[in-house]
Amino acid sequence: MELKFPQGFLWGAATSAHQVEGGNVNDWTEWEKANAERLAQEAGQKWQLWQQEQFPEMFKPENYISGRACDHYNRFREDFDIAKSLGHNAHRFSIEWSRIEPQEGKFDEKEIEHYRQVILALRERGLEPFVTLWHWTNPVWVRDLGGPESKKFPLYFSRYVKYVVEKLGDSVEYWCTLNEPTSVIVNSYQRGNWPPQKRSFLAVQKVYKNLAAAHNLAYDEIHKINSGTQIGVANILNYFEPQNKSSILDKLALKIAKYYSNEEFLKLTKNKHDFLTAQYYFYNKIKFPSRINNKAEVNSDMDWGIRPEGLYYILKELKKYSKPIYITENGLADVKDDRRADFIKGHLKWIHKAIEEGVDVRGYFYWSLLDNFEWDKGFWPRFGLVEIDYETLERKIRPSAYEYAKICKNNILNI
Ligand code: FCB
């Protein structure tokens with residue numbers, strides 16, 4: 001069967017500055033230095049035996065230091081050549097705030113020039129840039145002021161955004177202000193796993209409010225400079241199902257979880273979205289009060305279950321907003337590359353079904369173009385369409401990338 005996608009559909013992959021560029025200095029790099037030893041020691045308790053055996057790098061502290069990462073900062077042209085050869089017509093990446101404004105109020109024109117070259121390199125290859133302005137990392141001075149917990153965060157963020165958009169706005173049509181605000185809220189301020197490792201109900205409330213305010217202010221700033229541009233937030237949306245379908249308590253737990261993870265941020269930023277997004281990784285079964293199980297028949301190297309149909313249900317729910325929708329991330333860690341092609345096709349099949357039923361989906365970005373630095377997990381999870389040899393930095397296109405390329409080039413999924 002041939003499933004045809006709408007004309008002009010954006011096909012590509014996503015990356016983020018901190019995970020691929022190398023050579024950054026920000027709140028995460030500082031945290032990595034302070035925590036690498038501990039993370040290596042804890043790997044034995046965190047991961048299952050098969051994962052420990054398959055990925056012994058997790059026991060080494062250097063796994064947890066982003067360092068030179070993929071050196072994409074210097075090799076972006078080579079990487080975009082690969083994306084082009086794979087039939088992509090769009091690419092999502094992020095601008096690193098700590099490069100643009102390394103000290104409060106001191107903006108670095110050289111770094112703007114760098115990203116101008118990045119955008120130009122994409123355009124020269126026929127790739128539409130989809131630009132994220134904040135993919136979790138903060139300049140150290142922003143961290144010292146309290147990061148997103150600080151009342152000042154929205155002002156500082158929107159000032160940085162204004163600077164970037166004044167300089168680069170002419171060549172960018174799509175901006176994502178923030179990446180996955182709720183992931184930061186949960187992992188940094190509720191569970192305490194990511195910097196600044198808090199577990200505070202009050203901090204959660206503050207960060208929710210400040211990140212929403214940051215988006216709202218940035219949205220207005222961008223539109224003041226360029227009214228025709230398209231702005232959104234790159235949101236993670238999880239699918240939830242009650243563990244026991246006849247349990248009222250499980251259904252109640254579902255409602256609460258769904259509200260905080262998928263709905264509240266959209267509510268706080270209402271009317272400030274030109275498009276909506278979905279970053280889909282999790283099909284969660286929830287048991288009261290909050291136990292979550294996302295395993296499936298087939299799972300990724302991180303043991304995240306693969307359930308493509310969850311994305312369809314999420315898209316159907318977004319239909320009511322009547323906005324264009326982009327899948328700004330969807331992917332899996334799969335070092336053997338024996339599940340990736342089916343993963344992509346499976347999700348695209350369900351996306352296509354949603355489109356047929358009237359959902360206005362306009363693009364898909366696989367996470368990720370390259371293997372990269374997966375935050376507190378480090379380098380062992382392999383998400384890339386392209387494999388990176390971290391010793392030599394050699395790039396090797398995985399077989400699944402060619403399968404995805406066929407779809408991108410023809411705008412058709414054959415199943
Ligand atoms: C998403 C993040 C992205 C990457 C993938 C695996 O939540 O936005 O940076 O880590 O997960």
Side-chain angles (χ1 to χ4, degrees), residues 12-22 24 26-29 31-32 39 47 51 55 58 63-64 66 69-70 72 91-97 130-138 148 176-191 193-195 211 215 232-239 260-262 265 276-284 292 294 299-306 310-311 314 326-335 339-340 343-344 347 364-386 388:
T15 60
S16 91
H18 187 69
Q19 294 176 274
V20 296
E21 280 183 350
N24 280 312
N26 56 36
D27 59 341
W28 267 87
T29 52
W31 184 83
E32 289 157 21
L39 292 168
W47 302 101
Q51 290 164 312
F55 304 102
M58 65 170 68
N63 172 67
Y64 302 94
S66 55
C70 312
H72 178 71
H91 178 69
R92 176 171 174 246
F93 71 97
S94 78
I95 292 184
E96 176 64 29
W97 185 359
F130 224 89
V131 188
T132 306
L133 289 152
W134 185 81
H135 201 120
W136 300 350
T137 46
N138 299 299
C176 294
T177 53
L178 306 173
N179 182 70
E180 297 187 0
T182 51
S183 299
V184 173
I185 290 164
V186 170
N187 290 301
S188 296
Y189 297 95
Q190 184 183 328
R191 295 188 189 143
N193 292 335
W194 295 353
L211 288 178
H215 166 77
V233 174
N235 265 323
I236 185 163
L237 298 179
N238 303 314
Y239 183 70
Y260 284 108
S261 80
N262 294 2
F265 202 82
L276 298 177
T277 61
Q279 309 203 156
Y280 174 67
Y281 293 95
F282 298 113
Y283 187 114
N284 293 331
I292 278 176
N294 58 40
N299 301 285
S300 76
D301 292 346
M302 293 171 84
D303 218 20
W304 298 356
I306 303 173
L311 180 53
I314 286 171
Y326 296 90
I327 314 297
T328 38
E329 282 184 32
N330 173 232
L332 84 167
D334 175 15
V335 71
R339 286 147 287 173
R340 190 171 282 104
F343 176 100
I344 294 174
H347 285 82
Y364 176 85
F365 295 86
Y366 175 79
W367 180 272
S368 178
L369 179 64
L370 311 170
D371 284 343
N372 61 57
F373 181 74
E374 177 54 24
W375 308 108
D376 62 336
K377 322 284 185 301
F379 285 108
W380 69 261
R382 301 286 189 149
F383 278 90
L385 293 170
V386 178
I388 302 281

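All values derive from a computational prediction rather than experimental measurement. First listed ligand is number 1; within each ligand, the first listed atom is number 1.
- Closest heavy-atom contact between Arg92 and Ala234: NH2-CB, 3.4 Å.
- For Asn284 (side chain) and Asn294 (main-chain N/O), no donor-acceptor pair under 3.5 Å exists by modelled atom type.
- Ligand-side atoms of ligand 1 in range of Asn179: 8 (O), range being under 4.0 angstrom from any heavy atom.
- Using modelled atom types, one side-chain atom of His91 and one backbone atom of Ala13 make a donor-acceptor pair closer than 3.5 Å.
- Nearest protein heavy-atom neighbour of atom 2 (C) of ligand 1: Glu329 OE1, 3.3 Å.
- Looking at Trp375 next to ligand 1, an N or O pair under 3.5 Å apart turns up.
- Contact record, Thr132 with Leu178: CG2-C, 4.4 Å, taken as the closest heavy-atom pair.
- In terms of polar-atom proximity, defined here as any N/O pair under 3.5 Å, Glu374 does make such a contact with ligand 1.
- Of the N or O atoms in His135, one or more lie within a sub-3.5 Å distance of an N or O in ligand 1.
- The aromatic rings of Phe365 and Phe130 sit tilted, their planes meeting at an angle between 30° and 60°.
- Heavy-atom proximity to Gln19, at under 4.0 Å, picks out these atoms of ligand 1: 3 (C), 4 (C), 9 (O), 10 (O).
- Residue Phe282 places its CZ atom among more than 12 non-hydrogen atoms of other residues, nucleotides or ligands, all under 6.0 Å distant.
- The ligand atoms of ligand 1 that sit less than 4.0 angstrom from a heavy atom of Trp367 are 3 (C), 4 (C), 5 (C), 6 (C), 9 (O).
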(request) Starting from the C-alpha separation in whole Å, work towards a yes-or-no answer on side chain to side chain contact (heavy atoms under 4.5 Å, CB included) for Trp136 and Gln19. (result) CA-CA 11 Å; Trp136 300 350; Gln19 294 176 274; 5.8 Å; no
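- At the shortest separation from atom 7 (O) of ligand 1 among protein heavy atoms lies Glu180 OE1, 2.5 Å.
- Looking from atom 5 (C) of ligand 1 to the surrounding protein, the closest heavy atom is Tyr281 OH, 3.3 Å.
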